[in-house]
Amino acid sequence: MKLDFNIKNGLALLVDPDDGNPTEWTMLAEKIKGSAVDVVLVGGSFLYHQNLHACLVALRSSQKPLILFPGSNAQIDPAADGILLLSLISGRNPELLIGQHVQAAITLKMSGLEIYPTGYVLIDGGKPTTVSYISNTQPIPNDKPGLAASTALAGEQLGMKLMYLDAGSGAKEAISQEVIHLTRSFIQIPLIVGGGIRDKAAIQSAWSAGANIVVIGNHAFENAAFMQEILAINKQPLFN
Ligand code: 1GP
């Protein structure tokens, strides 16, 4: 299942394989089927259980594209449809710019996964997140839209096919409209935005600033009412 990320008002649900079990993921897949969710991202910056494969197998019945969002080259599994091949371009850690990719290249080629080369830009979301700790990088300050947008532009010029602005899982503050808007005006490629999004207003705000796809993780799993809202969200009146 190949995914066109260049959609309007797209929604991605991020599933962390460290949370849940096959029964729960199967129930989740049933809920996602036919819902407003366009794509399911699976992965995490640090996984301490070996649940990735079981999670993907259980989520398959959702009939949505399953795309790996890997924290490391250990998170490659052909049971997915594709992988965001992330290069952490806001950081200066060579392992996450090219090192892990070299390690994974042959495995990825053999996997048959659809590869989506993705510029990954961390923006400060008001508190340290697992991803900033694990990646050993500094996020870009949220009040420096020019720096974020220039970083994304450099990624596009280097040939990346998608751009992901992330405040990190559980961020206190979602990425500002200014950052999203300026980045959108600098680049042509599809823009994914996530981190700390906790209500419909924040989703709409990211869409109207130019995000193609908004990623919802933590809060949907902490708050059943929000999960229901996302699954049933009516995107039509929100079109720009
Ligand atoms: C994190 O963008 C994702 O990488 C989602 O973040 O869990 O805060 O929704 P949340």
So which heavy atom on [X] is nearest to which on [Y], and how close?
X	Y	result
G170	N218	N-ND2, 3.2 Å
C55	V42	SG-CG1, 4.0 Å
P94	R92	CD-O, 3.3 Å
V179	A148	CG1-CB, 3.8 Å
G10	D38	CA-OD2, 3.2 Å
A58	P22	CB-O, 3.9 Å

Just by modelled atom types, is the [Y] backbone N or O under 3.5 Å from a matching donor or acceptor in the [X] side chain?
X	Y	result
E156	Q188	yes
Q75	G44	yes
Y116	L86	no
D18	Y48	yes
Q100	N73	yes
S132	P128	no
Q177	A206	no

In the hydrophobic cluster built from side-chain contacts under 4.5 Å, what are the other members alongside M110?
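M110 shares its hydrophobic cluster with I106.
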Test question: given the 4.5 Å side-chain rule for I, L, V, M, F, W and Y, name all other residues clustered with M27, or answer none.
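Besides M27, the hydrophobic cluster comprises nothing; the residue is isolated.
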Taking NZ in K33 as the centre, count heavy atoms belonging to other residues, nucleotides or ligands within less than 6.0 Å. Is the count above 12?
yes
Take a 6.0 Å sphere around CD of E222 and say whether it holds more than 12 heavy atoms from other residues, nucleotides or ligands.
yes
side-chain contact (heavy atoms from CB on, under 4.5 Å) between L68 and L56, intermediate numbers included:
CA-CA 9 Å; L68 296 169; L56 289 165; 3.9 Å; yes
Atom OG1 of T129 and atom CG of L122: how far apart are they, to the nearest 0.5 Å?
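Reported to 0.5 Å precision, the distance equals 6.5 Å.
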With a 4.5 Å heavy-atom cut-off, do [X] and [Y] have their side chains touching?
X	Y	answer
R184	F186	no
V214	I197	yes
V102	I98	yes
I213	P190	no
L59	L28	yes
S87	H101	yes
Y164	L84	yes
I89	M160	yes

Pairs satisfying salt bridge (charged side-chain N to carboxylate O under 4.0 Å, His left out), at least one member in residues 49-74, at least two apart:
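Checked against salt bridge (charged side-chain N to carboxylate O under 4.0 Å, His left out) - neighbours excluded - the pairs reaching residues 49-74 are R60-D81.
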[Y] reachable from [X] in the ILVMFWY side-chain graph, under 4.5 Å edges:
X	Y	value
I7	W207	no
L162	V121	no
L165	I189	yes

Centroid-to-centroid, Y120 to F69, below 6.0 Å?
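Between Y120 and F69, the centre distance is under 6.0 Å.
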